Colleague: 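Pasting a structure below so you can have a look.
Values in this document were obtained by computation on a predicted structure and should not be read as measured data. What's counted below: heavy atoms across the whole structure, side chains too, no hydrogens, waters or symmetry copies.
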Amino acid sequence: MKNPYIPKLARITDIRDETPDTKTFCIALSDGQRDFRFSPGQFVELTVFGYGEAPFSISSSPMCTDHFELTIRKMGTVTSALFRLGINSVIGIRGPLGKGWPIEKMKNRDVLIIGGGIGLAPLRPLIEYIIANRKDFGKVVLMYGARTPADLVYKYEFSRWSQNIEVHLTVDVGDETWKGRVGVVTVLFDEIDVDPKTTIALQCGPPIMMHFVTKKLKELGFPDDSIYLSLERLMKCGMGFCGRCTISGRYVCKEGPVFCYSEIRGFLERAV
């Protein structure tokens, strides 16, 4: 039996700039495995040898099984070391790990997806799954916001996504090139028409964003069991041993990172 503590060797096959401090890394396992399967919302533990490991949500389409992508912001020791690596560099991967988005519960329902900044990364696989299986879902709306136009990730995807789902964008601060909405992501609620009785809402982004998005969803009449959040930022070891992600006795890495609001309502303020 394979040891879950030992990472598999993998190689970086491509690197794509997203924002001034964020890159998407395309990764393929080095052991000949060409069937890497995961559920949208799951994550992996990435090791930069000599520097440590850290958890990152998978950001690529689950239909692509010969490789996967991680969209990562440069923030600390591990990510800084990763950003110094080039194509064909060897890294370590453990996973996929965790519980993803509730796809079966979403089928035959309308879907509202809300992302903020790099929080769109764990939502991207879900968007790709929905587009590939469009007939299984009702009306699908994406609300996405970032600090500035330069901080929007996946700019090259918006046009294609718009052919299959509604896409609404905003930035906190615009510039001379920005012709869209200006304001925090909740301003986009003015542009959409959703029925809380038939819609399931899924969100990932900065803690303050999720706090106010959840508040707005509740004001609109969304039931607790129709609101889902990813708390992936709180994870560390990915296996429930270090305790870093524990909130009120719940292990985010093992029981999440995706949670239904009804599961975490009592400690949401501490969680986000």
Colleague: State, yes or no, whether a side-chain contact exists between Arg147 and Val171 at a heavy-atom distance under 4.5 Å.
Modeller: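 With C-beta onward as the side chain, the pair stays apart.
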Colleague: I need the minimum non-hydrogen distance between Phe43 and Ser57, along with the two atoms involved.
Modeller: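 Heavy atoms only, the tightest pair is CB-CA, 3.8 Å.
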Colleague: Would you call Arg73-Asp21 a salt bridge at under 4.0 Å N-O?
Modeller: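 Answer for the salt bridge query: yes.
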Colleague: Check whether any side-chain heavy atom of Gln203 sits under 4.5 Å from a side-chain heavy atom of Leu217, and report yes or no.
Modeller: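 Yes - at least one pair of side-chain heavy atoms lies under 4.5 Å apart.
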Colleague: Report yes if some heavy atom in the side chain of Ile91 is under 4.5 Å from a heavy atom in the side chain of Ile27; otherwise report no.
Modeller: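 They are in contact (side-chain heavy atoms under 4.5 Å apart), so the answer is yes.
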Colleague: If you measure from SG on Cys204 to CG on Leu229, what distance do you get to the nearest 0.5 Å?
Modeller: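 These two atoms lie 8.5 Å from each other.
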Colleague: Less than 4.5 Å apart, side chain to side chain, heavy atoms only: is that true for Leu9 and Leu29?
Modeller: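 Not touching, per the 4.5 Å side-chain cut-off.
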Colleague: How long is the gap from CZ on Phe56 to CG on Leu82, to the nearest 0.5 Å?
Modeller: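 Nearest 0.5 Å value for the CZ-CG distance: 6.5 Å.
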Colleague: Regarding Asp224 and Lys218, does a basic nitrogen lie under 4.0 Å from an acidic carboxylate oxygen?
Modeller: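 Salt bridge: yes.
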Colleague: Determine whether Asp136 and Met106 satisfy the following criterion, side chain to side chain contact (heavy atoms under 4.5 Å, CB included), listing intermediate values before the conclusion.
Modeller: CA-CA 9 Å; Asp136 294 336; Met106 294 163 50; over 6 Å; no
Colleague: With rounding to the nearest 0.5 angstrom, report the CG to CD1 distance, Leu142 to Ile127.
Modeller: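 Between atom CG of Leu142 and atom CD1 of Ile127 there are 4.5 Å.
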Colleague: Tell me whether the rings of Phe38 and Phe36 are parallel (<30°), tilted (30 to 60°) or perpendicular (>60°).
Modeller: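 Correct class here is tilted.
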Colleague: Calculate, to the nearest 0.5 Å, the distance between atoms CD and CD1 belonging to Glu53 and Ile93 respectively.
Modeller: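 So the gap between those two atoms works out to 9.5 Å.
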Colleague: Can you tell me which residue among Asp225, Val111, Leu112 is in a side chain to side chain contact (heavy atoms under 4.5 Å, CB included) with Ile200?
Modeller: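 The passing option is Val111.
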Colleague: Less than 4.5 Å apart, any side-chain heavy atom of Leu231 and any of Met210?
Modeller: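 A side-chain contact exists here, since the closest heavy-atom pair is under 4.5 Å.
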Colleague: Working to the nearest 0.5 Å, report the span between OH of Tyr144 and CD1 of Ile113.
Modeller: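 Output value for this atom pair is 13.5 Å.
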Colleague: State, yes or no, whether a side-chain contact exists between Asp151 and Pro149 at a heavy-atom distance under 4.5 Å.
Modeller: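 No, side chains not in contact.
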Colleague: Any salt bridge linking Glu18 with Lys23? Criterion: basic side-chain nitrogen under 4.0 Å from a carboxylate oxygen.
Modeller: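 Answer for the salt bridge query: no.
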Colleague: Should Ile58 and Arg124 be marked as a side chain to side chain contact (heavy atoms under 4.5 Å, CB included) after you check the CA-CA gap, both sets of side-chain angles, and the distance that decides it?
Modeller: CA-CA 9 Å; Ile58 304 169; Arg124 186 184 179 212; over 6 Å; no
Colleague: Centroid separation under 6.0 Å, is that true for the rings of Phe189 and Phe212?
Modeller: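 Here the rings of Phe189 and Phe212 have centres that are no less than 6.0 Å from each other.
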Colleague: Is it possible for you to check whether Lys99 lies under 6.0 Å from the centre of the six-membered ring of Phe259, through NZ or CZ, and within 45° of that ring's axis?
Modeller: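 Yes, Lys99 lies over the aromatic ring of Phe259.
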Colleague: Between Phe68 and Phe25, is the ring pair (Phe, Tyr, Trp, His ring centres under 6.0 Å) condition met? List the steps.
Modeller: CA-CA 8 Å; Phe68 61 95; Phe25 295 84; over 10 Å; no
Colleague: Quick one: CG on Leu169 to CG on Leu188, what's the gap to the nearest 0.5 Å?
Modeller: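 If we round to the nearest 0.5 Å, Leu169:CG and Leu188:CG are 7.5 Å apart.
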